Undergrad: 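I have a structure here, written as structure tokens, and I will follow up with some questions on it.
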Amino acid sequence: MNILVLIKQVPDTNEVRIDPVTKTLIREGVPSIINPDDKNALEEAIRIREKVGGKVTVISMGPTQAEVALREALAMGADEAYLLTDRAFAGADTYATAKALSKAIEKFQYDIVFCGRQAIDGDTAQVGPQIAEQLDIPQVTYVRKVEIEGDKLIVERALEDGYEIIEVKTPVLLTAIKELNVPRYPSIKGIFNAYNKKEVKILTADDLEVDKNELGLKGSPTKVVATSTPNTERAGEIFTGNIKEAVQNLVERLNSRHVI
Ligand SMILES: Cc1cc2nc3c(=O)[nH]c(=O)nc-3n(C[C@H](O)[C@H](O)[C@H](O)COP(=O)(O)OP(=O)(O)OC[C@H]3O[C@@H](n4cnc5c(N)ncnc54)[C@H](O)[C@@H]3O)c2cc1C
């Protein structure tokens, strides 16, 4: 099985804080990590390769520093790594991101394209499904279990209150959720190989068969026109009166705010 895993380097949003005075995000010192769902996708791809053979190739689109994420993926056990990096990719919305990534994917032989369900910074969960559309292949999202039977996959897809079992033939695009597995730590040998024996190959817009007007900001149907931080100040409210009245008022208030 040839498996392409799409990994995005993201700021660790658990570490992002809001400055109480300026009300802006404090970005300084926030570490960049492999998007968590993408690590689950990578782990599963490596497990599949360990079972049935084949190759795991990781691909990322981003600035040059995204190479660090690809080296970590190589250290975990990916065979090859490619970084799509070019000014022409900058400012992409999900449509233009999916366009660039699917044009890159077309250059490879693959059975499975594995994405994370969602990136913790953009948070849209749109890139995977859009790539499947661009490539005109089937997709299964919210994957929590995968079994391989020849060129067929038996996949469990998580729903809010249960799961579906889906049978699908390769080539297919899957998006992983954290319930799929526990990603491994890179081994010392893996880290050594990732930095000394393996390379991160660069792809630019010129390497893809695509009109540059379809990439980056130019190729994006949407534009972020403003961003703001949410108001984190919350006034407490005390419900007085006898217990019955206070509880009733509380329930009404929660109801009116669609909390319950
Ligand atoms: C309306 C809008 C406008 C935007 N405008 C800009 C902008 O002007 N400038 C800017 O820098 N960003 C912009 N972004 C952010 C950028 O488009 C997104 O970060 C990017 O499209 C990926 O979307 P996402 O983070 O929601 O990923 P999701 O769709 O949540 O990601 C799902 C999965 O797709 C894969 N994936 C996603 N992105 C990549 C990647 N880059 N490389 C490899 N795999 C990937 C991963 O497997 C990931 O788990 C914009 C986003 C939106 C929604």
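Note that ligands are numbered from 1 as they come in the structure, with each ligand's atoms numbered from 1 the same way. Just so it is clear, the structure is predicted and the values come from calculations on it, not from any experiment.
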Undergrad: Enumerate the residue pairs fulfilling ring-ring contact (aromatic ring centres under 6.0 Å, His included) with a member in residues 181-210, sequence neighbours excluded, ordered by first and then second residue.
TA: none
Undergrad: Testing K145, R144, R157 for salt bridge (charged side-chain N to carboxylate O under 4.0 Å, His left out) with E164, which one passes?
TA: R157
Undergrad: Does this structure show an ion pair linking K223 with D93, if we count only N-O contacts that are shorter than 4.0 Å?
TA: no
Undergrad: Quick check for you: to the nearest 0.5 Å, what is the distance between I34 atom CD1 and K8 atom NZ?
TA: 14.0 Å
Undergrad: Heavy atoms under 4.0 Å from ligand 1: which residues qualify?
TA: L6, I7, K8, N35, D38, I59, S60, M61, G91, A92, D93, T94, T97, L101, C115, G116, R117, Q118, A119, D121, G122, D123, T124, A125, Q126, V127, T222, V224
Undergrad: Going by the rule side-chain contact (heavy atoms from CB on, under 4.5 Å), which residues pair with K244 if we only count those two or more places apart in sequence or in a different chain?
TA: N242
Undergrad: Sequence neighbours left out, what passes side-chain hydrogen bond (donor to acceptor under 3.5 Å, both in side chains) with N2? Give chain and number order.
TA: none
